[in-house]
Amino acid sequence: MINSEKPMHELSLAENIVQLIEDTALKQSFAQVTTVWLEIGQLACVEQESLRFYFDVVAQDSIARQARLEIIEIAGQALCKQCNQDILIATYHDACPHCGSYALQVTQGDGMRIKELEVK
Amino acid sequence: MCTTCGCGNSQTYMNGKAMPSHRHLDKPLRYRPLAQPIHGHTPISVAADHPSRTIHPGTGIAGTHAAGISQARIVKIERDILAKNNQYAAQNRRYLSKHGIFALNLVSSPGSGKTTLLVKTIQMLRDKFPIAVIEGDQQTDRDAARIRATGVPVIQINTGKGCHLDAHMVGRAMQQLPLQHDSLLLIENVGNLVCPSSFDLGEAHKVVILSVTEGEDKPLKYPDMFLASSLMLLNKCDLLPYLTFDIDLALEYAHRIHPELPVIQVSATQGSGMPAWVDWIAAGCRCATAAKPHLQATDPSLD
Ligand SMILES: Nc1nc2c(ncn2[C@@H]2O[C@H](COP(=O)(O)OP(=O)(O)OP(=O)(O)O)[C@@H](O)[C@H]2O)c(=O)[nH]1
Ligand SMILES: [Mg+2]
Ligand SMILES: [Zn+2]
């Protein structure tokens, strides 16, 4: 590796979260955010500790300065294309526990959303 | 750290000139309403199996708030965290399809041969259609200089500490490039097999490059990138006689992650496999051109 620094797209994610919060604040007129609920899929490419760290940095100068970050993990779920069963998966390279196939269609757990805010 | 507001955005440079962060753009973005989740589908949360956790989405987050905090209220957002990036990407994509420009986003780990491949590709395709390049690197203008030597227009984006290009940066670079109708836009992302997978730039396809010196297991270790890509190039195949790299195993791993992923084995330095790759590009360019008049006829919002 030429670049030994840790990848840090969590910084971008944190910036995007704060932007969405500020945009919402303009439209819904609130001045302070006390809690932010995120839904992060288990398969999503996000390191939670890193996201928390950068959120604190990025939120410093925003209305989310004092906000608590609550992360709800969404389980990875897939449809096995071979045996047609819904299964839970922890990684993209899991095999179907019923038939061993790797041909899976991920149906849940690959996304990341801001769900809601508690505001004052 | 962003000097204007301390927002933590590392400074981005475009051809050496500092670029404003998108948090400081004066133009507000227009949002489209969020698509409602599929009826009756409540996501399974990990916490659902673990009653000890404090958050139970099934029973509603609001249930966890202490009663009596009268001025506090809940605001629903329900938006993808990358909604903003996706919006810029959609703008880029509209612009590109309107002008019949076929755009590719090349992703790989550092040093797998993206720039070498681009230079070779440009040499093979430059007489067929106009080409422009956007180069992404954390530091230096070196890759842009290699592209510039071929004679095609190029913009270098330096992301500083940022480990990927985003759609906003690419949109700005597109404005600065002389882009032509019915052309090819090649975007070399920052060398990194993790982060660029999440950020849509508005390209037609991501193309993942794996070189045979990196080991067979990269698709398993960095699945997002292989999942997000529409084509895989296996590069540096000229080195195979000197290595123990098992091609079949690498392909099996890649197809575990992305079953129908097409793979072309190439050597960017020796030229083997390159005709199949440039044919794939040429076919994409023809489709982009063919789709253009149709788009203009059916979408009145394009100006
Ligand atoms: N043997 C061999 N070497 C190659 C091939 N393609 C690229 N290289 C070498 O690999 C090294 C890195 O190539 P680059 O084209 O700079 O790789 P890159 O992916 O653009 O690197 P970054 O932009 O730094 O991420 C150079 O020394 C190239 O000459 C190939 O097909 N065969
Ligand atoms: Mg390069
Ligand atoms: Zn199965």
Looking just at side-chain N and O atoms, do Thr34(A) and Glu118(A) make a donor-acceptor pair shorter than 3.5 Å? yes
Give, as side chain, backbone, both or neither, the part of Leu227(B) having an atom under 4.5 angstrom from any heavy atom of chain A. side chain
Measuring from Thr24(A):OG1 to Arg79(B):CZ, what's the distance to the nearest 0.5 Å? 7.5 Å
Heavy-atom distance under 4.5 Å between the side chains of Val36(A) and Arg68(A), does that happen here? no
Looking at Val75(B), Asp224(B), Val190(B), which has the largest count of heavy-atom pairs under 4.5 Å with chain A? Val75(B)
Quick check: closest heavy atoms across Glu10(A) and Ser50(A), and the distance to 0.1 Å? CB-OG, 3.3 Å
Going through the distances and angles, do Asp23(A) and Lys84(B) end up as a salt bridge (Lys or Arg N to Asp or Glu O under 4.0 Å)? CA-CA 10 Å; Asp23(A) 291 347; Lys84(B) 207 125 179 172; 2.5 Å; yes
Portion of Phe199(B) that has a non-hydrogen atom of chain A nearer than 4.5 angstrom: side chain
Chain B contact via Leu104(A) - side chain, backbone, both or neither, heavy atoms under 4.5 Å: neither
Given that the side chain runs from C-beta out, which part of Ile40(A) has a heavy atom under 4.5 Å from chain B: side chain, backbone, both or neither? side chain
